[in-house]
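To keep things clear, I will list the structure first and then write my remarks on it.
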Amino acid sequence: MKDGSAAPAFEAVFAGAVEGASLPWAGAEVPRPEVVLLNEALAEALGFDPEALRRPEAAAWLCGAEPPPGAHPVAMAYAGHQFGQFNPQLGDGRALLLGEIATEAGLRDLHLKGSGPTPFSRRGDGKAVLGPVLREYVLGEAMAALGVPTTRALAVTTTGEDVMREGRKPGAVLARVAASHIRVGSFQFFAARRQHDILKALADHAIARHDPDLTGEDRYERFLARVVERQAELIAAWMALGFIHGVMNTDNMAVSGETIDYGPCAFMEAYDPAAVFSSIDHAGRYAYGNQPGIAQWNLARLAEALLPLMGGDESIPAATEIVSGFAGLYEAAWLRRFRAKLGLERAEEGDMDLVTGLLAMARGQADFTSLFRALGVAAGGDPAPAHALFADPGAFDAWLPAWEARLAQEAPGAAERMAAVNPIYLPRNLPLDAALTAAEAGDLAPIRRVLGIVAAPFTRQEGAEDLAAPAPAGTPFVTYCGT
Ligand code: AMP
Ligand code: MG
C-alpha cells in the first residue's frame, strides 16, 4: 500500500494466459463503501495487513469501485447448463476477478461478487444484497472448518445503497478467494463457439494452475481424470455432512474441486435423500441424493467440451471411461467417509450394508448430524441419546449389535475418532436465517457469533445449542438464490 504497509501484488495471470476469456472491466461506483466483516486470518494468509484492509482506501477496492493498486480487474466468460438447459453465455454478470495473488499454497484468485453490471449481466442489475453475501461467507467458513475444499470469503463491504429485490435490501459486495474460478462452464463457452485455440489456452492454464505435473500429449484426458477424482472426493465430503449445494449447474462446478457459488444451499436435518430446500428447484434435480449423479452428468459435459483437445470423436470411448470412473471413485470415497463416521478404520465386507442399514432407518426421522454425534456417545458406552433420536427405536436396537461387533474388531478410541469427524455445530438453517435478518436490520453481532461457533465445529461450546439442534419437526424451510 502507499503508506508502506504489507500488501501482496495483484497479478493478471488468467487474463494474460487465456486471451479472449475475459474482459477488462471496472466495478460500479457506490455511495458509502464500508467493510463490515473481514476474515483476518485469511487476509494474513494472503499477505495483507488486516489493519490496512480496514482503511477507507481498501473499502473502495473491496467493493470494486476502484481497482486495487496495480490490479487490472476482468469479468470472466463462461457458459453453463442451468437445470439441464444449455445457456451459451453466462459469465461474470455481477462479479470481477481482481487478479491473482501468489501464496505459499499457489496462486489464489481474489474475486468480487455484487460489484456492478458487466457485459455479461443480461437483465441483472449486477448487484448483491447483504443477507445472501453473509450467507456465502458463513457457509464457506463452516465448510473450511469442516475440512471441505471451498472458496473462502475475505471481506464483506456494504455499499450504502439499497438494492431492489423483494423490497429494498442493503447492497453489499463479497470479496472471495479461490484456487481458481475456472468452471466446467468456462470450457463449455469456448467449445460451443468452436474457439479451439482459446479452449486449449484455457485447458493449459487450468493444468498449470491445478495439475502442473501433467505434461505430454495426453494431458487433457489426464486433466479430465483429475477433475473427476476431485469431484468424487468433494461430493462424498458434502454427502458425509448432509450438505446440499442447491444449484449444481455446470457453471457452478469448479475444476479445482472447491465448493463454489453458495446460493440456496443448506445442511439437511432429518435424513432424506429427496431433501431439497431451494425455492427454484421444483423438480428436485439437485436434491441431496441426486448430487453424485448430477456431478457425473456435469463431468460428462466437461468431457464433451474437452473432446476437441483429446483428438475429437475418436476419443469418445476414452472420455466415457474416465467419466464412468466417477461412480467407483465416489463410492469408495463415500464409504471411506461413512466408515470414519462410524469409528471404523479397517475395511470389511459388510460395511456398506451397515451404513445403508443405518441410513434407511434414519430416513425421515433422525437428524443426520445429531445421529452421528450421538453414535459417538454410543461408541463411548451410552447408546441412549442415539436411541432417543428414532421414533421407532426397535430397528435401531436391532442394528446396534452388528455395529458393536464391528467396532470390537477395531483399535480402541472409536468415540474420539468419531468426535473428530462428526460435527456438533453447523450453520443450522433457522438460527442462520435469524442472524441474517438481524444483519439486514443493522446488527451483525448474531452473525459474528454464528461464525465464531462454526469455526470450531467439533468442539463443545457454551451457549451454542441452537446450532447443534434441528428445527422442530415440520418447520418449513426454503432457501432462495438471493440474487
Ligand atoms: P448464479 O445462479 O449466481 O450462479 O448466477 C448465474 C448467472 O447469473 C451468472 O452468470 C451470474 O453472474 C448471473 N447473475 C446472477 N445474479 C445477477 C445479477 N443480480 N446481475 C447480473 N447477473 C447476475
Ligand atoms: Mg454461479
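One-based numbering, in listed order, for ligands and for the atoms of each.
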Going by the 4.0 angstrom heavy-atom rule, the piece of Phe120 near ligand 1 is neither

Distance under 4.0 Å to a non-hydrogen atom of Asn252: what atoms of ligand 1 satisfy this?
4 (O)

Per side-chain hydrogen bond (donor to acceptor under 3.5 Å, both in side chains), Arg176 is matched among Asn39, Asp261, Asp109 by Asp261

For a quick check under 3.5 Å, do Glu221 and Ser315 share a side-chain donor-acceptor pair by atom type?
no

Does a side chain donor of either His111 or Asp92 reach within less than 3.5 Å of an acceptor in the other side chain?
yes

Which of Thr159, Val156, Leu37 passes side chain to side chain contact (heavy atoms under 4.5 Å, CB included) with Leu130? Answer is Val156

Pick from Arg122, Glu136, Arg94: the one approaching atom 13 (C) of ligand 1 most closely through a non-hydrogen atom:
Arg122

Proximal atoms of ligand 1 relative to Gly126 (non-hydrogen, under 4.0 Å)
18 (C), 19 (N), 20 (N), 21 (C)

Glu233/Arg230 under salt bridge (Lys or Arg N to Asp or Glu O under 4.0 Å): CA gap, chis, key distance, verdict:
CA-CA 5 Å; Glu233 283 294 332; Arg230 286 193 281 268; over 6 Å; no

Value for CG (Leu241) from CZ (Phe372), rounded to nearest 0.5 Å, stands at 10.5 Å

Going by chain and residue number, what protein N/O/S atoms come nearer than 2.8 Å to the Mg ion (ligand 2)?
Asn252 OD1, Asp261 OD2

I'd like to know whether ligand 1 has Asp261 as a neighbour, heavy-atom separation below 4.0 Å.
yes

Ion pair Arg94/Asp125, N-O distance below 4.0 Å
no

The option among Gly93, Gly91, Ala95, Ala75 carrying the non-hydrogen atom nearest to atom 10 (O) of ligand 1 is Gly91

Note: ligand 1 atoms sitting under 4.0 Å from heavy atoms of Gly124 are 18 (C), 20 (N), 21 (C)

Shortest non-hydrogen contact from Phe326 toward Gln231:
CE1-C, 3.9 Å

Taking distance alone, with no angle check, do Gln82 and ligand 1 share an N/O pair under 3.5 Å?
no

When rounded to the nearest 0.5 angstrom, what distance separates CZ in Phe83 from OH in Tyr286?
5.5 Å

How are the rings of Phe477 and Phe277 set relative to one another: parallel (under 30°), tilted (30 to 60°) or perpendicular (over 60°)?
perpendicular

